[in-house]
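First the structure, in the form of structure tokens, and then the observations on it.
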Amino acid sequence: MKETIEKLVDQALEQLISDSMIESKPALQITRTKDASHGDFTCNVAMMLAKQAGKPPRDIAQAIIDAMQSDGSIARVEIAGPGFINFFLAQESTLTIINDIIEGGDRFGESNAAGNEKVQIEFVSANPTGPLHVGHGRGAAYGATLATLMRAVGFDVDCEYYVNDAGRQMNILATSVWLRYLELSGIEFTFPVNGYKGDYIFDIAESIRSHHADSFVFPADTIFQEIHADEGEDGGDKEKHIDDLITRARQLLGNDNYQQVFKAGLNSILDDIRNDLEDFGVHYDNWYSEQSLADRGLIGKAVEQLQRAGHVEERNGALWFLSTKFGDEKDRVIIRDNGQATYFASDIAYHMDKFDRGYQRLINIWGADHHGYVARVKAAIGALGASEEKLDILLVQFANLYRSGERVQMSTRSGSFVTLRELREEVGKDAARFFYVMRKCEQHMDFDLDLAKSQSNDNPVYYIQYAHARICSVIEQLTEKQLKHDLENGSNNLNLLVEKHETSLISKLDAYADTVHKSAFNEEPHLLVHYLRELATLLHSYYNAHQFINEDADLHDARFNLIIATRQILRNGLTLLGVSAPEKM
RNA sequence: GCCCCGGUAGCUCAGCUGGAUAGAGUGGCCCCCUCCUAAGGGGCAGGUCACAGGUUCGACUCCUGUUCGGGGCACCA
């Protein structure tokens, strides 16, 4: 419908150009009106042309209308306010949407607007050093929803999790597991301040004991001989202490056994994260190992490529990437003076590999605390000769949890944080998924736990689901009352739908496909959330005002067509959000 | 000090990339079930869009400054 109007206005503008009333066409905006008294669609082009034409906008609007061909789908056109051109659709042309939806079914709203462009969305990618917490949950919900939305409009999307399975944090994890194993084996010592203290470490240690019994045990004085003092002791330093312990673990265990402990920790936590996300309805196409970058020599390759391009310089024994040449605020080390590659070097290699795998567009979803890395990663991409615009880095702001009006305190190291799993168990998957995408991602969010789990009208999830269940229930009534719904007869009598509640519901249904399109292209799932709530409101309101089951068979059938179409849209929209559409509540 | 995000109704947030009298939900007050689920609906009250300039036909929206809140500024991962 929008396209039809666009075409009409465009033709009229061409006419005005050939009449040399105006010189050029501005970007045409045909938008849906907020207020029904302004018609169905409106166009502001007359006001945009006022300056170049040197005429009052209302005069230009009139000229446009005069130049416009008539079209059966438009009942009338008006000039309003400062110069808006308002379009009122003919009733028959608005009604077609009902049949379109019923025919389209579960796939209504989908399109191929993106033409199968290959996109990768990388999200969550939390270090596998412990369970996911509620902060990761927002990234997970947002990424998964965005992927679904983008697929719906024709992007060829792969979801990827970058597993940070290399580096110091993982060694701290392995060492923590080993130390807990030693404790379980009866060795007595003080657990390092900087070690991972969560209960899950004990679980992993326990499983190692059950497989390897005492074979990884060493006496305490052998282990702690010449280890730098821990924080809290004389001259103690928690970083040096833990690093010494890592070195000691490798010495005593030997590479093979150390790797066994390391892998036990990594695999156990990774499995947990996988299951957690799967239960949250978040599916990945790839789990990409950081370690594999080094194993395949990709880091060296990336460094070489930067060197060849002349963007690298040696200073004080370290190798620096001259990122300031590409807009970063300072240059960054990629190979340390001890010969080790930095995390950033892996990141460069990783992004290079993403492009090598043929993605035309990359989306990274990061926590807001990583914004400092945006400039350097983009710089690296520029330096490697790829185009920066192809990488979109979306920063998701933090979510604060509230319970009984109080902010829930979280701290990671101590182990007293709220995990995603706990959140799911408390409020349920549907509410969690919904609440996380209710706000746009750059907005700080207050997550009200009490509201999310309340099974009442206060809760927007239930409100929308209830609209769906309510329609199902009405349809159920038909069989109970031994009544029927004749779809074809309904379709022939849609013109009976003249009540205000009906026309506004129909107009809302007509906006669904646009909403999906816009949500996907703008990367803003919250637009769909708001749409669904508005749709649910219209349905509830209609329900209260009019009886669907009606003695007038034609009206009865037409109304059922309308609510069946509404149910379809509610279901399709909820499905895109990863939220269930229950038939009974 | 520099950088990113935000400041809209008592509270939580929208505001369609600059358009018509600023919208929802929630909380407050009032009303509606002999009727398809009241997990619902209808109404009233509630605003100097943080502040000050600027850009223009027109600004909550764009620019500059100020201010308040959150986060970030490693040869850590």
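As the structure is a computational prediction, the values presented were derived from the model and not from experiment. Note on naming: letters A, B, ... go to the chains in the order of the sequence lines (proteins, then strands), and numbering restarts at 1 for each one.
Comparing atom distances between the Asp446(A) side chain and each of C13(B), G71(B), C36(B) picks out C13(B) as nearest. Of the listed nucleotides (C2(B), U12(B), C36(B)), C36(B) has the atom at the smallest distance from the side chain of Ile549(A). Among the nucleotides G71(B), U37(B), U17(B), the one closest to the side chain of Tyr466(A) is U37(B). Closest to the side chain of Asn86(A), from the set A20(B), C36(B), C4(B), is A20(B). When each of A38(B), A39(B), C73(B) is scored by its nearest atom to the side-chain atoms of Tyr462(A), the top-ranked nucleotide is A39(B). Taking every side-chain heavy atom of Tyr343(A) into account, A77(B) is the closest of A77(B), C75(B), A38(B). Checking U17(B), C36(B), U21(B) against the side-chain heavy atoms of His38(A) singles out U21(B) as nearest. Side chain of Tyr373(A), nearest nucleotide from U37(B), A77(B), C5(B): A77(B). Here A74(B) is the nucleotide among A14(B), A74(B), U37(B) with the atom lying nearest to any side-chain atom of Lys330(A).
Residues Asp328(A) and Arg332(A) are paired through a salt bridge, judged by an N-O separation under 4.0 Å between the basic side chain and the carboxylate. We find that Glu476(A) and Lys584(A) are not joined by a salt bridge, their nearest charged nitrogen and carboxylate oxygen being 4.0 Å or further apart. Using a 4.0 Å cut-off between charged nitrogen and carboxylate oxygen, Arg168(A) and Glu239(A) count as a salt-bridge pair.
A sub-4.0 Å separation between OP1 or OP2 of G42(B) and a side-chain N or O of Ser541(A) is present. Proximity of Lys34(A) to the phosphate of U21(B): no side-chain N or O atom is located under 4.0 Å from OP1 or OP2. Neither OP1 nor OP2 of C75(B) sits under 4.0 Å from any side-chain N or O of Arg315(A). In terms of phosphate contacts, Gln397(A) brings no side-chain nitrogen or oxygen within less than 4.0 Å of OP1 or OP2 of C4(B). In this structure, Tyr531(A) does not reach the G15(B) phosphate: none of its side-chain N or O atoms is under 4.0 Å from OP1 or OP2.
With a 3.5 Å ceiling on both atom-pair distances, C60(B) lacks any Watson-Crick or G-U wobble partner. Taking a pair to require two hydrogen-bonding distances under 3.5 Å in either a Watson-Crick or a G-U wobble arrangement, C73(B) pairs with G1(B). Pairing for G6(B) goes to C68(B), judged as Watson-Crick or G-U wobble with the two contacts each under 3.5 Å. C35(B) is unpaired under the Watson-Crick or G-U wobble criterion, no partner having all donor-acceptor distances under 3.5 Å.
With both ends at atom P, the span from C5(B) to C62(B) equals 11 Å, rounded to whole Å. Across the C1' atoms, U34(B) and A22(B) are found 43 Å apart, a figure rounded to whole Å. For U8(B) and G47(B), the P atoms lie 14 Å apart once the distance is rounded to whole Å. For the C1' atoms, the distance linking C31(B) with A45(B) amounts to 15 Å, nearest Å.
Counting non-hydrogen atoms under 4.0 angstrom, Asp328(A) reaches nothing in the nucleic acid. Counting non-hydrogen atoms under 4.0 angstrom, Asn338(A) reaches nothing in the nucleic acid. His517(A) comes within contact range of no nucleotide atom at all, as no heavy-atom separation falls under 4.0 Å. Residue Lys440(A) is classed as a sugar-phosphate contact, given heavy-atom separations below 4.0 Å to backbone atoms only. Counting any heavy atom pair closer than 4.0 Å across all strands shown, Arg533(A) reaches sugar-phosphate atoms only and no base atom. Contact annotation for Ala166(A): backbone-only contact, meaning every heavy-atom pair under 4.0 Å involves sugar-phosphate atoms and none involves a base. Residue Ala50(A) is out of contact with every strand shown, counting any heavy-atom pair closer than 4.0 Å. Heavy atoms of Met445(A) sit under 4.0 angstrom from primed sugar atoms or phosphate atoms, though from no base atom. Within 4.0 Å of His444(A), counting heavy atoms only, lies at least one base atom of the nucleic acid. Residue contacts shown for Asp35(A) include a base, since a base heavy atom lies under 4.0 Å away. Nucleic acid contact for Ala80(A): base, since at least one base atom lies under 4.0 Å from a heavy atom of the residue. The residue Thr129(A) sits apart from the nucleic acid: no heavy atom pair falls under 4.0 Å.
Note on residues 22-48 of chain A: pairs passing salt bridge (Lys or Arg N to Asp or Glu O under 4.0 Å), not counting sequence neighbours, are Asp10(A)-Lys25(A), Glu14(A)-Lys25(A), Arg32(A)-Asp510(A), Arg32(A)-Asp514(A).
The nearest whole Å value for the distance from the CD atom in Glu442(A) to the P atom in G71(B) is 18 Å. One atom, NZ of Lys484(A), and another, P of C36(B), lie 23 Å apart when rounded to the nearest Å. Between the CD atom of Gln443(A) and the P atom of G69(B) there is a distance of 17 Å, rounded to whole Å. When the C1' atom of G69(B) is taken as reference, atom CG of Asn400(A) falls 11 Å away, rounded to whole Å. In this structure, Arg376(A) atom CZ and C3(B) atom C1' are separated by 12 Å, rounded to whole Å. At whole-Å resolution of the value, CZ in Phe434(A) and C1' in A14(B) are 13 Å apart. Atom CD in Glu329(A) sits roughly 11 Å away from atom C1' in C4(B) (whole-Å rounding). Rounded to whole angstrom, the span from the CG atom of Asn522(A) across to the P atom of G15(B) amounts to 10 Å.
Between Tyr142(A) and Tyr436(A) there is no side-chain heavy-atom pair separated by less than 4.5 Å.
Where Arg336(A) and Asp369(A) each meet RNA chain B at their nearest nucleotide, the meeting point lying more 5' is that of Asp369(A). Comparing His371(A) and Gly317(A) along RNA chain B, the residue whose closest nucleotide (by nearest heavy atom) sits nearer the 5' end is His371(A).
A cation-pi arrangement is present between Arg76(A) and Phe88(A), with the terminal nitrogen or guanidinium carbon under 6.0 Å from the aromatic centre and inside a 45° cone about the axis. Figure legend: Arg470(A) and Tyr543(A) shown as a cation-pi pair, the cationic atom lying under 6.0 angstrom from the six-membered ring centre and within 45 degrees of its axis.
Classification of U12(B) as anti follows from a glycosidic angle more than 90° from 0. Applying the 90° cutoff around 0 to the glycosidic angle, C33(B) is assigned syn.
Ring planes of His526(A) and His530(A): perpendicular class, angle over 60° (limits at 30 and 60°).
Stacking annotation: His530(A) is not stacked on the base of A24(B) (requires ring centroids less than 5.5 angstrom apart and an interplanar angle below 30 degrees).
Applying the side-chain hydrogen bond (donor to acceptor under 3.5 Å, both in side chains) rule to Arg315(A) yields the partners Glu313(A), Asp331(A); only residues at least two apart in sequence or on another chain are considered.
A donor atom on one side chain and an acceptor atom on the other are not found under 3.5 Å apart for Gln169(A) and Thr129(A).
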